Amino acid sequence: MREFKIERKVKRVKGELRVPSDKSISHRAVIFGALARGRTVVHSWLRSEDTLATLNILKALGTEVLEDNTRLEIEGRNYTFEEPSNVLDAKNSGTTARLMLGVLSTQPFFSTLTGDESLRRRPMLRVVEPLRKMGARIDGRENGNKLPLSVRGGELKGISFFNKKASAQVKSSLIIAGLRAEGMTEVSEPVLSRDHTERMLRSFGVKLISVPEERGHLIKVRGGQELRGTEVYCPADPSSSAFPLALAVLTEGSELLLRDVLVNPTRDGFFRKLREMGAELTYENEREFSGEPVADILVRGSGRLKAVKVYPEEVPSMVDEIPILAVVMALAEGRSEVRGAKELRVKESDRIRAVVENLRAMGVEVEEYEDGFSIEGNERLKGACIKTYGDHRIAMAFSVAGLLAEGETVIDDIDCVKVSYPGFFEDLESVVEYL
Ligand code: S3P
């Protein structure tokens with residue numbers, strides 16, 4: 001655990017950044033590459049602790065991968081893996097655990113999946129229950145809710161599953177399993193969650209039916225379809241972009257260009273919310289890469305922003321950005337509120353608690369709800385001791401807060417940023433000007 005001290009205040013941000021590639025897309029690129037028939041080439045792959053956890057599990061299942069830094073060549077195994085000789089470790093990564101449970105459920109062998117202390121506390125029944133209904137045998141603590149979980153998969157049948165909460169991890173896990181199940185698999189959710197699985201599977205030649213419904217969204221997939229190896233380009237991660245971008249919108253005179261950012265509408269809620277708060281933020285050079293919309297984002301800092309509300313149906317499009325949005329809210333004018341974000345309590349840490357506690361330490365008036373918080377915007381933050389709970393997004397959000405605060409801020413553990421954004425501090429350092 002490495003501590004980080006922030007002693008100087010940022011005046012403004014100037015320059016250009018290409019932040020690391022999207023984590024969700026990078027996980028999927030290697031998983032689908034391994035599931036496909038033939039070779040898949042992945043460009044600009046995110047090399048971070050989370051995505052390496054996925055890659056190492058695929059290798060432990062017999063997948064051959066040629067690695068040249070961020071370019072990968074994956075020899076697809078067409079859904080036929082080898083029984084692993086050891087426990088598979090998803091480390092800190094919920095996406096690895098949930099998507100790999102879908103993969104392992106299609107395999108007729110025994111495997112055990114575990115994770116780090118944080119992941120072993122997170123709920124898995126949301127995928128375990130429907131995968132069991134499809135025919136997989138899964139067991140573990142709390143009747144299969146917590147890792148380590150043992151899986152014996154095999155003959156699956158399609159199911160119709162209504163997911164009460166929008167979750168791309170659940171949807172993706174069931175689609176992966178559904179592709180090897182008998183008949184149709186249907187997954188519906190109250191709001192469309194990030195749709196990278198659907199977009200990417202189409203580029204692997206899979207046919208999916210996507211039906212917008214009056215109250216939510218339905219995806220159908222027929223079992224028995226093969227994935228054909230392809231090329232995938234991974235754009236810059238909007239969730240990682242959110243940190244330098246927040247620093248720029250909060251400092252007058254800033255100008256920052258973020259290149260190649262994924263602006264998929266199921267992911268860009270944070271950028272839209274910032275505009276609603278009065279930020280000057282534009283998408284330039286809009287284009288498409290591997291079926292995903294990408295743009296360069298230009299932001300100019302223009303002093304104080306206005307308070308804003310986040311409604312439950314908006315949460316999925318900014319779910320990982322809520323901690324940094326809370327920091328922006330703390331410096332905006334008026335009372336802001338986030339509701340319908342109970343899922344944040346079961347992320348890498350209890351993010352509602354972590355946000356409330358750390359903002360209070362910085363002198364902000366915050367009210368905590370079971371499903372969110374309200375924040376009284378302030379003109380200044382005071383330096384404080386920040387507890388990250390080993391959560392990368394809390395570490396990065398409060399590093400930004402620390403750079404804007406009066407006095408010293410100490411972040412108790414910054415190593416966790418490697419989970420999604422190795423090079424975070426170096427990137428910030430390259431664009432900030434201090435007072
Ligand atoms: C992810 C989906 C989201 C998100 C997570 C990555 C994915 O989780 O919070 O960081 O890649 O599918 P849920 O699907 O559980 O909301």
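In listed order, ligands and their atoms are each counted from 1. The residues of the chain are indexed from 1 along the displayed sequence. Values in this document were obtained by computation on a predicted structure and should not be read as measured data.
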Listed partners of Y79 passing ring pair (Phe, Tyr, Trp, His ring centres under 6.0 Å), at least two apart: none
F243/Y421 aromatic ring centres below 6.0 Å: no
Validation: residues 317-329 side-chain donor-acceptor distances under 3.5 Å, sequence neighbours left out:
residue: S317; atom: OG; partner: E314; partner atom: O; Å: 2.9
residue: D320; atom: OD2; partner: R194; partner atom: NH2; Å: 3.2
residue: E321; atom: OE2; partner: S239; partner atom: OG; Å: 2.7

Carboxylate-amine/guanidinium contact D116 R122, below 4.0 Å: no
Residue contacts for ligand 1, heavy atom to ligand atom, distance under 4.0 Å: S24, R28, T95, S167, A168, Q169, R194, V319, D320, K347
Side chain to side chain contact (heavy atoms under 4.5 Å, CB included) against E337, all qualifying residues, sequence neighbours excluded: K309, R339, Y369, S374
Exercise: identify the closest heavy-atom pair between A177 and G102: CB-O, 3.9 Å
